[in-house]
Number of protein chains: 2
Amino acid sequence: MRRDIFQAIADPTRRAIILLIAAQGMTPNLLAEHFDTSRQAISKHLRILSECDVVRQEPSGREIYYQLNPVKMEEIEHWLAQFRNILDQRFSNLDNLLSTIQNKSK
Amino acid sequence: MRRDIFQAIADPTRRAIILLIAAQGMTPNLLAEHFDTSRQAISKHLRILSECDVVRQEPSGREIYYQLNPVKMEEIEHWLAQFRNILDQRFSNLDNLLSTIQNKSK
DNA sequence: TATATACGCTACCATTCGGTTTCGCAATAG
DNA sequence: CTATTGCGAAACCGAATGGTAGCGTATATA
């Protein structure tokens with residue numbers, strides 16, 4: 001079973017859950033009110049988010065508040081940074097090539 | 001069929017393909033050499049990436065070079081910015097709360 | 001012209017996904 | 001104590017996923 005943040009944010013419902021929980025910790029029932037799907041479906045998404053450690057449980061009586069773990073989101077930023085580095089490097093190589101051509105034409 | 005960038009980057013092979021193509025446009029056969037999977041599997045990933053407009057085809061004789069469309073990647077950045085905004089807002093509200101408490105204690 | 005290569009497309013397969021329904025358990029309310 | 005509420009877990013279903021194998025076509029090469 002693949003289970004990383006990229007798989008966690010692949011589903012639009014889970015992305016919405018992340019944004020909602022980022023604003024404030026919420027219970028599954030509270031979350032389900034924001035979507036036109038069942039509480040169980042939301043619970044399943046929360047389980048996936050928990051397995052990815054994107055979200056943490058905080059029991060309070062018979063309710064469970066789900067809180068965001070912002071650290072996990074950095075893995076996305078990390079991959080994007082990798083991506084941007086490659087692009088930057090490519091462009092700087094292009095610059096080198098261009099200046100080489102300029103030098104030759106002199 | 002769901003088809004957006006978040007679904008495109010959900011698969012680790014596709015993430016690797018994106019990074020490889022970001023560095024340099026490549027043909028399916030060339031790409032397949034970097035993985036221990038078949039050319040057909042890579043072609044399928046490329047089709048998904050094409051449908052998401054993350055990647056563009058550039059025919060050259062009987063070869064097809066796949067080039068990256070960097071613009072599409074900004075959608076990820078956009079969602080992350082949304083996420084960061086919510087977190088920032090939450091913290092500034094906390095600041096407001098704290099200063100309110102301070103004022104009351106005065 | 002005959003052959004080899006690069007590729008997309010379709011058919012097929014096992015697995016996973018997102019969802020619903022049902023159930024059982026613990027905590028609260030009456 | 002009994003009824004209700006909040007929740008996770010399991011069984012099940014249709015659809016999508018990632019992969020393979022084989023076919024057809026266009027380009028390049030002998």
Side-chain angles (χ1 to χ4, degrees), chain A residues 1-21 24-69 72 76 79, chain B residues 1-21 24-69 72 76 79:
Chain A
M1 212 180 299
R2 220 180 341 110
R3 205 114 288 183
D4 55 33
I5 326 150
F6 295 99
Q7 209 249 340
I9 64 166
D11 184 84
T13 304
R14 281 198 291 271
R15 284 200 299 279
I17 290 178
I18 289 175
L19 292 186
L20 283 170
I21 288 186
Q24 193 176 17
M26 289 179 105
T27 67
N29 269 321
L30 220 52
L31 275 168
E33 287 174 12
H34 288 81
F35 305 92
D36 56 346
T37 182
S38 66
R39 186 212 26 112
Q40 284 88 339
I42 299 295
S43 253
K44 255 188 161 184
H45 284 305
L46 286 172
R47 198 163 79 89
I48 292 173
L49 291 173
S50 295
E51 285 172 5
C52 302
D53 205 29
V54 173
V55 136
R56 297 225 166 111
Q57 299 187 0
E58 207 170 273
S60 160
R62 69 179 162 185
E63 294 181 333
I64 298 179
Y65 280 85
Y66 283 84
Q67 303 286 350
L68 187 81
N69 176 17
K72 264 290 160 177
I76 307 170
W79 184 78
Chain B
M1 216 180 298
R2 214 172 353 104
R3 206 114 289 183
D4 54 33
I5 325 149
F6 295 98
Q7 209 252 339
I9 63 166
D11 184 85
T13 303
R14 280 197 293 270
R15 283 200 299 279
I17 289 177
I18 290 176
L19 293 186
L20 282 170
I21 288 185
Q24 192 175 18
M26 289 178 105
T27 67
N29 269 323
L30 220 51
L31 275 168
E33 286 174 14
H34 288 82
F35 305 91
D36 55 346
T37 181
S38 66
R39 180 201 47 99
Q40 284 91 336
I42 299 295
S43 253
K44 251 190 161 183
H45 284 305
L46 286 172
R47 199 163 78 90
I48 292 174
L49 291 172
S50 295
E51 285 172 6
C52 301
D53 205 29
V54 174
V55 135
R56 297 227 167 109
Q57 300 186 0
E58 207 170 273
S60 161
R62 69 180 162 182
E63 295 181 333
I64 298 180
Y65 280 84
Y66 283 84
Q67 303 287 349
L68 187 80
N69 175 18
K72 265 290 159 178
I76 307 170
W79 184 77

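Below, chains carry the letters A, B, ... as their sequence lines are ordered, and counting in each starts from 1.
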Counting just side-chain N and O atoms, does B:Asn29 come under 4.0 Å of either OP1 or OP2 of C:dT5?
no

So, is B:Thr27 near the phosphate of C:dC7, with a side-chain N or O under 4.0 Å from OP1 or OP2?
yes

Taking atom types as they are modelled, would you say the side chain of B:Arg14 forms a donor-acceptor pair with the base of D:dG18 within the 3.5 Å cutoff?
no

For A:Glu58 and A:Tyr66, test the side chains for any donor-to-acceptor distance below 3.5 angstrom and give the result as yes or no.
no

Distance from A:Leu30 atom CG to A:Gln24 atom CD, nearest 0.5 Å?
8.0 Å

Under 4.0 Å between a side-chain N/O of B:Arg62 and OP1 or OP2 of D:dT29, yes or no?
no

With sequence neighbours left out, what residues match A:Lys44 under salt bridge (charged side-chain N to carboxylate O under 4.0 Å, His left out)?
none

With a 4.0 Å cutoff (strictly under), does any side-chain N or O of B:Arg3 reach OP1 or OP2 of D:dT17?
yes

For a quick test of reading the model: is some side-chain N or O of B:Thr37 closer than 4.0 Å to OP1 or OP2 of D:dT20?
yes

Taking NZ, NE, NH1 and NH2 as the nitrogens, is one of them in A:Arg15 or B:Asp4 under 4.0 Å from a carboxylate oxygen of the other?
yes

How long is the line joining CZ of B:Phe35 and C1' of D:dT20, in whole Å?
18 Å

So, do A:Val54 and A:Ile21 sit near enough that their side-chain heavy atoms are less than 4.5 Å apart?
no

When only distance counts, do a donor and an acceptor, one from the side chain of B:Gln40 and one from the base of C:dT10, lie under 3.5 Å apart?
no

Does CD belonging to A:Gln67 count more than 12 external heavy atoms closer than 6.0 Å?
yes

Among residues 41-56 of chain B, which contact DNA chain C at a heavy-atom distance under 4.0 Å?
B:Ser43, B:Arg47

With respect to the phosphate group of C:dT21, does any side-chain polar atom (N or O) of A:Ser38 fall under 4.0 Å of OP1 or OP2?
no

